[in-house]
Engineer: 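Encoded as structure tokens, here's the structure I'll be asking about.
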Amino acid sequence: MDFNLAKPSAGGIPEIDFRAELNEEQYQAVTAEPGPALVLAGAGSGKTRTLTYRVAYLLSKGVAPGEILLLTFTNKAAREMLHRVEDLTGVPARRFWGGTFHHVGHRILRVHGEPVGFKSGFTILDQSDAESFLGDLVKEKDPTFFKDKTHPRARQLGEVFSMARNTCLPLEESVRRFHPQHEKLTGRMVPLFETYMERKLKQQVADYDDLLEYLLKLLREDPETARHYQERFRHVLVDEYQDTNTLQAGIVDTIGNHHRIMAVGDDAQCIYSWRGANYENIVTFPDRHPGAAVYKIETNYRSTPEILNLANRVLVDQTPASGFHKELRAFRENRTRPYMVQTMDNREQAQFIIKRIEGLASEGYNLNDIAILYRAHYQAMELQMELARLSIPFQITSGVRFFEQAHVRDLVAQLRFAYNPNDLTAFQRTVALLPKIGPKTATRLHDLALQTARERKVPVVEALHSPTVLAKVPKAAADEWPSLMQSLRDIAESCRDGTPSETVRLAVEGWYEDYLRGAYSNFHARQEDLRSLTGFAGRFDDMQDMLAQLVLLNSETSDRSVDPDAEALRLTTVHQAKGLEFPIVFVIGLAENLFPLRRAVEENNLDEERRLFYVSVTRARDELYLCFPTIGRSNGPALSLKPSRFLQDLPNHLYEPLRIQRERIW
DNA sequence: AGTCGAGTTCTTTTT
DNA sequence: GAACTCGACT
């Protein structure tokens with residue numbers, strides 16, 4: 001494909017024979033007339049293909065890359081999509097506006113955020129920062145709130161707020177609907193919510209939801225900005241439309257008020273309702289966009305008929321009247337039925353998989369062809385240990401994430417504070433590295449520094465050196481204080497004058513390096529991580545871009561030990577496997593209380609669990625193994641597990657029970 | 001009052 | 001393993 005890159009893109013799109021490269025269903029959608037279009041694409045039907053060819057088609061009709069807005073859910077999906085467009089058309093990915101809703105929100109708000117209260121220079125709180133921000137605020141405003149054990153903790157309270165915002169409902173209404181167990185608390189939660197919103201603006205920090213909520217607010221309340229983007233993005237394409245929530249659907253509708261929107265989705269794969277996703281957005285799309293053309297793509301090129309029979313059957317058990325009816329039509333030849341594998345416990349499950357992998361390898365499968373899917377991270381523990389023991393390479397897209405490791409977060413906090421001195425959360429994290437400084441002391445010092453800075457009209461990083469502040473630093477921390485503050489001053493200076501990469505290097509080699517050496521025994525490994533951050537920063541010319549990326553990319557996994565191109569087994573949650581496909585798929589832990597999760601059953605979210613199971617089985621191309629242990633040992637007493645109801649619901653002609661031969665050691 | 005260490009409990013999914 | 005609780009120490 002290299003020759004494409006050399007070509008100028010304007011008018012230089014390579015000739016694509018759309019008719020020949022697409023099936024009839026796909027072709028219709030790809031060549032749709034400008035106007036609202038809803039594409040219902042079943043699993044494995046070539047959804048991504050349709051979307052990428054649509055982009056190519058628009059380009060071939062003379063639409064400029066900059067006029068296309070491509071919205072996705074995850075960073076991974078955005079990358080993959082733009083990469084494929086680039087391969088297809090030779091137009092470099094960076095010429096499109098594409099990415100997650102959050103990315104686009106940030107990008108627009110940092111330029112046009114003023115009318116809704118965000119000056120350029122605001123910083124983003126990740127999930128756990130936002131939680132501690134909220135927790136501190138609650139302790140201050142309503143000190144007894146957390147004393148009552150029946151009240152939500154900071155984390156859950158954050159979820160309650162988030163749900164209201166993502167569904168665009170008043171808090172009262174949202175609580176009644178989604179968190180009825182806390183309905184009597186609404187009166188106390190409302191003022192906390194208000195303070196939460198106010199205080200973020202005051203500190204010029206945004207949580208994830210702000211990036212969406214204020215974007216919509218901006219588009220609705222500032223006609224000039226709205227018009228600017230509406231005219232600019234003549235075509236709006238949305239991937240995984242079934243996972244949009246009310247807020248996101250509102251953004252799409254407002255930016256795309258010209259109705260040239262193509263929404264692609266599959267209501268059977270809606271698995272983010274805990275984030276307010278509402279697949280009814282699909283159902284109501286034609287109402288909101290009159291004259292919408294609806295395209296159904298149902299031919300499945302991915303899986304064997306046996307796998308699809310099983311998948312179709314999973315949906316049969318769905319609560320009726322949810323979404324569009326669909327049935328995947330198989331294109332491929334028959335092969336083997338999915339296997340149902342009963343094991344004694346997780347350990348035996350792991351051993352079975354390893355044994356089977358060896359068999360598959362001798363049949364010519366590569367480790368890259370095989371994926372292990374599970375409902376929750378911790379279910380992969382035993383398998384990870386066994387794989388490590390036998391030194392079978394695996395890549396795990398879950399667990400401790402790169403940007404969530406303590407040392408990475410510490411460093412990012414320093415950068416964030418240097419860039420935005422109002423960011424109290426970042427300051428707290430930074431100074432808490434010193435002895436005898438916790439959240440309370442940090443807040444006092446921060447207040448004092450801001451006040452001093454205001455009075456003397458000096459930057460906050462200067463005020464931190466003043467005797468006034470120094471006097472309030474606990475004795476135990478006083479020794480280290482000046483050198484940490486000096487480091488912050490250097491970083492802040494570099495934020496203004498230097499490149500992000502220089503700034504990061506300064507931070508990595510500053511005070512923190514000494515701290516790191518003393519604090520961790522694996523100092524070298526951690527230092528390596530931080531050095532790689534310098535490289536990461538080299539991709540940006542703007543500090544805020546880089547900081548935003550650091551926070552928004554936090555799902556990026558810590559696979560530094562594994563070369564991404566190396567041959568390795570893939571371990572991933574079902575959520576993260578969405579949109580991917582593998583020749584061989586093992587779904588593990590298919591037992592009641594694990595998958596479906598007990599909590600989901602208790603909270604009546606069975607349909608979503610079922611869709612999640614549907615997503616799992618439709619990832620497989622050739623062979624599917626459904627594994628369940630009969631004994632669960634998490635902590636303490638072993639408890640016996642029943643096979644998942646999703647397995648019990650399957651008529652037995654749809655699968656092949658597989659006996660495993662136990663190796664007797666004694 | 002606030003920090004810190006020891007001991008205990010419970011694990012969802014992502015931006 | 002991390003997050004939370006509780007009690008001791010400054």
Engineer: For A:Leu580 and A:Arg570, run side-chain contact (heavy atoms from CB on, under 4.5 Å): C-alpha distance rounded to whole Å, both residues' side-chain angles, the deciding distance at 0.1 Å, then the answer.
Structural biologist: CA-CA 11 Å; A:Leu580 305 178; A:Arg570 283 265 265 169; 3.3 Å; yes

Engineer: If only side-chain N and O atoms of A:His377 are considered, is one of them under 4.0 Å from the OP1 or OP2 phosphate oxygen of B:dT14?
Structural biologist: yes

Engineer: Let me know the distance between CD1 of A:Ile271 and C1' of B:dT12, rounded to the nearest Å.
Structural biologist: 12 Å

Engineer: Does any donor atom in the side chain of A:Ser162 or A:Asp209 lie under 3.5 Å from an acceptor atom in the other side chain?
Structural biologist: yes

Engineer: Could you state the atom-to-atom distance from CZ of A:Arg155 to C1' of B:dT13 in whole Å?
Structural biologist: 10 Å

Engineer: Quickly work out the A:Leu211 CG to B:dT14 P distance and round it to whole Å.
Structural biologist: 18 Å

Engineer: Among the nucleotides B:dT15, B:dT12, B:dT13, which one has an atom lying closest to any side-chain atom of A:His575?
Structural biologist: B:dT13

Engineer: A:Ile437 or A:Ala600: which one's nearest nucleotide on DNA chain B is closer to the 5' end?
Structural biologist: A:Ile437

Engineer: Do A:Tyr512 and A:His407 make the cut of ring centroids closer than 6.0 angstrom?
Structural biologist: no

Engineer: Select base, sugar-phosphate, or nothing to describe what A:Pro474 touches, counting heavy atoms under 4.0 Å on all strands.
Structural biologist: nothing

Engineer: Is the closest basic N to carboxylate O distance between A:Arg275 and A:Glu159 below 4.0 Å?
Structural biologist: no

Engineer: Using whole Å, what does the distance between atom P of nucleotide B:dT13 and atom CG of A:Asn605 come to?
Structural biologist: 15 Å

Engineer: Identify, with sequence neighbours excluded, every residue that meets ring pair (Phe, Tyr, Trp, His ring centres under 6.0 Å) alongside A:Phe178.
Structural biologist: none

Engineer: Closest approach to the side chain of A:Arg598, judged atom by atom: which nucleotide of B:dT14, B:dT11, B:dT3 is it?
Structural biologist: B:dT11

Engineer: Kindly point out which of B:dT12, B:dG2, B:dT15 is positioned nearest to the side chain of A:Thr74?
Structural biologist: B:dT15

Engineer: Could you say whether A:Met381 or A:Lys149 is positioned toward the 5' end of DNA chain C, judged by the nucleotide with the nearest heavy atom to each?
Structural biologist: A:Met381

Engineer: Round to the nearest Å and state the distance from A:Lys472 atom NZ to B:dT3 atom P.
Structural biologist: 15 Å

Engineer: Which nucleotide, B:dT12, B:dT14, B:dT3, lies nearest any side-chain atom of A:Lys440?
Structural biologist: B:dT3

Engineer: For A:Leu212 and B:dT14, give me the distance from atom CG to atom P, rounded to whole Å.
Structural biologist: 17 Å

Engineer: Which nucleotide, B:dT12, B:dT3, B:dT15, lies nearest any side-chain atom of A:Thr100?
Structural biologist: B:dT15

Engineer: Would you say C:dT5 has OP1 or OP2 under 4.0 Å from some side-chain N or O of A:Arg153?
Structural biologist: yes

Engineer: When rounded to the nearest Å, what value does the distance between C1' atoms of B:dT13 and C:dC4 take?
Structural biologist: 22 Å

Engineer: Tell me if the centroids of the rings in A:Tyr272 and A:His575 come within less than 6.0 Å of each other.
Structural biologist: yes

Engineer: Centroid distance below 5.5 Å plus an interplanar angle below 30 degrees: do A:Phe73 and B:dT15 meet both conditions?
Structural biologist: no

Engineer: Quick one: is A:Thr573 getting a side-chain N or O under 4.0 Å of the B:dT14 phosphate, OP1 or OP2?
Structural biologist: yes

Engineer: Would you indicate which nucleotide in B:dT13, B:dC4, B:dT11 comes nearest to any side-chain atom of A:Arg375?
Structural biologist: B:dT13

Engineer: Using the closest heavy atom to pick a nucleotide of DNA chain B for each, name whichever of A:Leu612 or A:Lys436 lands nearer the 5' end.
Structural biologist: A:Lys436

Engineer: For A:Leu597 and B:dT13, what is the distance between atoms CG and C1' respectively, to the nearest whole Å?
Structural biologist: 9 Å

Engineer: OP1 or OP2 of B:dT14 less than 4.0 angstrom from a side-chain nitrogen or oxygen of A:Arg275, does that happen here?
Structural biologist: no

Engineer: In whole angstrom, give the distance that lies between atom CG of A:Leu580 and atom P of B:dT14.
Structural biologist: 12 Å

Engineer: Determine the interatomic distance between C1' on B:dT12 and the same-named atom on C:dT5; round to the nearest Å.
Structural biologist: 24 Å

Engineer: If you compare every side-chain N and O of A:Arg444 against the phosphate oxygens of B:dG2 (OP1, OP2), does one of them come in below 4.0 Å?
Structural biologist: yes

